[in-house]
Amino acid sequence: MSSLTFNGTTSASKSVTVLTYPEIVKPALRVETVKIPGRHGEVTLAGTPTYENRLLECECMVNDVSKISAAAAWLTGRGDLVLGNDPDYAYDAQVIDEIRFEKILRGHGHRRFTVPFLCQPLKKAAETEPNIELTAPGTVVNIGHVPSRPLIKIEGSGNVVLAVGAYSLSITDISTSILIDSDLGMATAGTVNESYKVSGEWPLLVVGNNAVGWTGTVSKVTITPRWRYL
């Protein structure tokens, strides 16, 4: 039986069978071009590659009319999507368009429907990847396909300079620890926003090797790498 998992719930638990999976497609590269007088064609502006959202449509069937409301409630909002034809990865997906439950055969309770999952362009591993803990400077290897925006916990005190590859971040007056979120561009200690203590570039983990080091009083650096895949 073909299946999918959305927001931690399997299709089988909702009496839903997947009839057709979407194709596995590399997301479209977002490009910006300019036309220059006297020059043929267009010039593509360089920069960090970014990608467009993708729409993944799954054709499904609910086996019992009485289960339609439960299926509709499940296929609402946002969550991780794992497809049976690509089980190693999860998409950050949301369902915002309507879903039509159509009769298949007169006199039968089956209903066919198509779920339009609007997905962020990059995938992550379906299984949670382990954190990386450093008690001394070292090297972190990005096994993904694109630079990742990690979550970094620094345990220490006082003023610290964190270096990740070519990126450097200065943090002042750490009490016991601080959390650096490169995706949100925010630094917190517990529930307190301490971004004002941070200056420099929010670090990225480029594909391949990344040297990680620091100056100051640091007992441990814990990195949630957030590897991403095409």
Side-chain angles (χ1 to χ4, degrees), residues 2-11 16 18-60 72 74-100 112-129 140-151 164-167 181-186 201-210 223-230:
S2 298
S3 64
L4 61 83
T5 300
F6 178 59
N7 211 8
T9 300
T10 64
S11 54
V16 170
V18 179
L19 301 175
T20 306
Y21 291 116
E23 293 180 329
I24 300 175
V25 179
K26 176 181 174 290
L29 185 66
R30 181 183 297 157
V31 296
E32 185 177 355
T33 60
V34 294
K35 295 180 180 179
I36 299 177
R39 181 167 179 167
H40 297 293
E42 297 179 346
V43 175
T44 301
L45 300 181
T48 301
T50 55
Y51 296 87
E52 301 288 353
N53 282 350
R54 45 182 154 190
L55 183 67
L56 302 180
E57 294 185 324
C58 293
E59 186 181 4
C60 302
W74 163 53
L75 295 168
T76 301
R78 186 171 188 168
D80 285 349
L81 169 67
V82 180
L83 299 172
N85 66 334
D86 196 17
D88 293 333
Y89 299 102
Y91 299 84
D92 180 355
Q94 56 184 327
V95 182
I96 56 178
D97 291 333
E98 66 180 9
I99 300 174
R100 295 177 179 272
R112 181 186 284 118
F113 61 98
T114 299
V115 190
F117 291 104
L118 181 62
C119 301
Q120 294 293 314
L122 302 177
K123 303 183 286 190
K124 62 183 178 181
E127 298 293 330
T128 301
E129 294 177 318
V140 173
V141 181
N142 182 347
I143 60 174
H145 299 151
V146 297
S148 74
R149 299 181 181 275
L151 182 69
V164 179
Y167 301 89
D181 192 328
S182 288
D183 191 30
L184 297 179
M186 180 180 292
E201 297 179 280
W202 300 102
L204 297 179
L205 293 170
V206 300
V207 176
N209 294 335
N210 296 264
I223 301 174
T224 303
R226 295 171 171 164
W227 306 137
R228 292 297 181 262
Y229 307 89
L230 294 174

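The first residue of the sequence shown is numbered 1, and numbering continues consecutively from there.
Not a single donor-acceptor pair under 3.5 Å links the side chain of Tyr21 to the backbone N or O of Glu57. Remark: side-chain polar atoms of Ser148 are paired, donor with acceptor, to backbone N or O of Pro225 under 3.5 angstrom. Remark: the backbone N or O of Arg149 is paired with a side-chain donor or acceptor of Arg226 at under 3.5 angstrom. Distance alone, capped at 3.5 Å, is enough to place a donor-acceptor pair between the Ser11 side chain and the Leu4 backbone. The backbone N or O of Trp74 sits nowhere less than 3.5 Å from a side-chain atom of Asn7 that would complete a donor-acceptor pair.
The shortest side-chain heavy-atom distance between Asn53 and Gln120 falls under the 4.5 Å cut-off. Side chains of Ile96 and Pro116 form no contact here, defined as non-hydrogen atoms less than 4.5 Å apart. For the pair Ile223 and Leu205, the minimum side-chain heavy-atom distance is below 4.5 Å.
Of all heavy-atom pairs spanning Tyr167 and Glu201, the tightest one is CD2-CB, 3.8 Å. Residues Val115 and Ile99 come closest through the heavy atom pair CG1-CD1, 4.2 Å. Residues Thr76 and Ala72 share a closest heavy-atom pair of OG1-O, 2.7 Å. Across every non-hydrogen atom of Trp227 and Val141, the tightest pair is CZ2-O, 3.3 Å. Pro121 and Glu52 make their closest contact through CB-O, 3.0 Å (heavy atoms, listed as atom of the first residue, atom of the second, distance). Taking all atoms of both residues into account, the shortest heavy-atom contact from Pro22 to Leu83 is CG-CD1, 3.8 Å.
To the nearest 0.5 Å, atoms CG (Asp80) and OG1 (Thr9) are separated by 11.5 Å. Atom OG of Ser182 sits about 8.5 Å away from atom CG of Leu151, to the nearest 0.5 Å. For the atom pair CG (Asp181) and CH2 (Trp202), the distance works out to 8.0 Å, reported to the nearest 0.5 Å. Distance check: Leu81 CG to Leu56 CG gives 7.0 Å after rounding to the nearest 0.5 Å. To the nearest 0.5 Å, atoms CG (Leu122) and CG (Leu230) are separated by 6.0 Å. Rounded to the nearest 0.5 angstrom, Arg54 CZ and Lys26 NZ are separated by 9.5 Å.
Within a 6.0 Å sphere centred on CD of Glu129, heavy atoms belonging to other residues, nucleotides or ligands number more than 12.
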task: Begin from the C-alpha positions of Asn142 and Val207 and carry the test side-chain contact (heavy atoms from CB on, under 4.5 Å) through to its verdict.
output: CA-CA 5 Å; Asn142 182 347; Val207 176; 4.2 Å; yes
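The existence of a salt bridge linking Lys124 and Asp92 is excluded, since no basic side-chain nitrogen approaches an acidic carboxylate oxygen closer than 4.0 Å.
Using cut-offs of 30° and 60° for the angle between ring planes, the Tyr229 and His145 rings count as perpendicular.
Remark: the Tyr91 side chain and the Asp86 side chain contain an N/O donor-acceptor pair separated by less than 3.5 Å.
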